[in-house]
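A short write-up of the structure that comes next.
Keep in mind the model is a prediction, meaning the values are calculated, not measured.
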Amino acid sequence: MEFFCYHRDRPGSLALREELLEEHWSYMDRYTKELIARGPTFADDGETPTGSVHIVDLPDAAAARAFAFDEPNHQAGAYRDVLLRRWRNVLGRTMWDFPGGLTGGNRYLVLGLGEGPDADLALPLDRDELVAYGPLLSDDGDTWLGTAALLRAPDPDTARAVLTADRYADIEVHDWEFGGRRWARKTPG
């Protein structure tokens, strides 16, 4: 089962996240084979961390909750909340298979929270710009709750347009970058 996990930073938690960086990466190393995508999100300035995205394939909801809530930054109080939802990997690949490469261009997390009839289940036309894409689902996987996408786009407005605006209560767009030891600045993801 695939799960989308977005830990949102608590204001003023950067020093704590930096202190726990190695512990965070060591924890994530235990999930190397299960990770579909990962990486930190940033404020509009492109520098201030706002959260950490992990899309992971785990056996069940209990394993996903353990993954999300046992994470060292969460345990230490660096995060203000966690969005954890079932997810479906519509692309069928990981971020490491992204045809656009691991660097270059602006990258975004686009998160649309909705209700009612399913929306945006089909892939957008330019799938080569998508790093990860899929619906957010209820715990039983039967009810559509929104859509999450990681993508490369020229600007936030273009990134936002990947989702049908009137189908969501809110669409968030966050600067995002590939996470992990290899690509990291100083921010865990």
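Between Thr94 atom OG1 and Leu35 atom CG the span is 9.5 Å, to the nearest 0.5 Å. Taking CD from Glu19 and CG from Asn73, the interatomic distance works out to 10.0 Å, rounded to the nearest 0.5 Å. A distance of 10.0 Å separates CG in Asp81 from CG in Asp9, rounded to the nearest 0.5 Å. A distance of 6.5 Å separates CG of Leu109 from OG1 of Thr41, quoted to the nearest 0.5 Å. Put simply, OH on Tyr108 and CZ on Phe42 are 13.0 Å apart, with the number rounded to the nearest 0.5 Å. Rounding to the nearest 0.5 Å places CD of Glu71 at 5.5 Å from NE2 of His24.
Shown here are the side-chain contact (heavy atoms from CB on, under 4.5 Å) partners of Ala66, two or more places apart in sequence or in another chain: Asp70. Partners of Tyr27 according to the ring pair (Phe, Tyr, Trp, His ring centres under 6.0 Å) rule, which considers only residues two or more places apart in sequence or in another chain, are Tyr31. Qualifying side-chain contact (heavy atoms from CB on, under 4.5 Å) partners for Ala37, counting only residues two or more places apart in sequence or in other chains: Ile55, Met95, Ala132, Leu150.
Sorted pairs that involve residues 90-115 and meet salt bridge (charged side-chain N to carboxylate O under 4.0 Å, His left out), not counting sequence neighbours, are lacking altogether. Sorted by first and then second residue, the ring pair (Phe, Tyr, Trp, His ring centres under 6.0 Å) pairs involving residues 136-160 (not counting sequence neighbours) are Trp144-Tyr168. Applying the side-chain hydrogen bond (donor to acceptor under 3.5 Å, both in side chains) definition to pairs two or more places apart or across chains, none involves residues 56-68.
Around atom CG of Asp44, no more than 12 heavy atoms belonging to other residues, nucleotides or ligands sit under 6.0 Å away.
The aromatic rings of His7 and His54 lie perpendicular to each other, with more than 60° between the two planes, well past the 30° mark.
Here the closest non-hydrogen pair linking Leu121 and Pro135 is CD2-CB, 3.8 Å. In terms of heavy atoms, Tyr133 sits closest to Ala122 at OH-O, 3.7 Å. Scanning both residues, Leu58 and Phe3, for their nearest heavy atoms gives O-CE1, 4.1 Å. When every heavy atom of Asp175 is checked against every heavy atom of Gly46, the shortest pair comes out as OD2-CA, 3.7 Å. Closest heavy-atom contact between Ala165 and Ile171: CA-CD1, 3.8 Å. In this structure, Pro49 and Arg17 approach most closely via the heavy-atom pair CB-NH1, 3.8 Å.
In this structure, Arg152 and Trp176 have side chains that are not in contact, with every pair of non-hydrogen atoms separated by 4.5 Å or more. Within the 4.5 Å cutoff, the side chain of Thr147 has no heavy atoms near those of the Thr164 side chain. In this structure, Tyr6 and Thr50 have side chains that are in contact, with non-hydrogen atoms separated by less than 4.5 Å. Contact of the Arg86 side chain with the Ser138 side chain is not registered, since no non-hydrogen atoms from C-beta on lie closer than 4.5 Å. Inter-residue side-chain proximity for Val56 and Cys5 is flagged as unmet; no heavy-atom pair is nearer than 4.5 Å.
Both Phe178 and Leu111 belong to a single network of hydrophobic side chains, linked directly or stepwise wherever heavy atoms of I, L, V, M, F, W or Y lie under 4.5 Å apart. Tracing side-chain contacts under 4.5 Å through hydrophobic residues (I, L, V, M, F, W, Y), one never reaches Val90 starting from Trp87; they form parts of separate clusters. Linking ILVMFWY residues whenever their side-chain heavy atoms come closer than 4.5 Å, directly or via other members, places Val53 and Leu113 in the same cluster. Residues Leu123 and Phe98 are members of separate hydrophobic clusters, defined by side-chain heavy-atom contacts under 4.5 angstrom among Ile, Leu, Val, Met, Phe, Trp and Tyr. Clustering ILVMFWY residues whenever any of their side-chain heavy atoms sit less than 4.5 angstrom apart, transitively, puts Leu84 in the very cluster that holds Met1.
Judged purely by atom type and a 3.5 angstrom limit, Glu23 has no side-chain atom pairing as donor or acceptor with the backbone of Pro72.
If you run side-chain contact (heavy atoms from CB on, under 4.5 Å) between Leu151 and each of Val110, Val131, Asp128, Thr158, only Val110 comes through.
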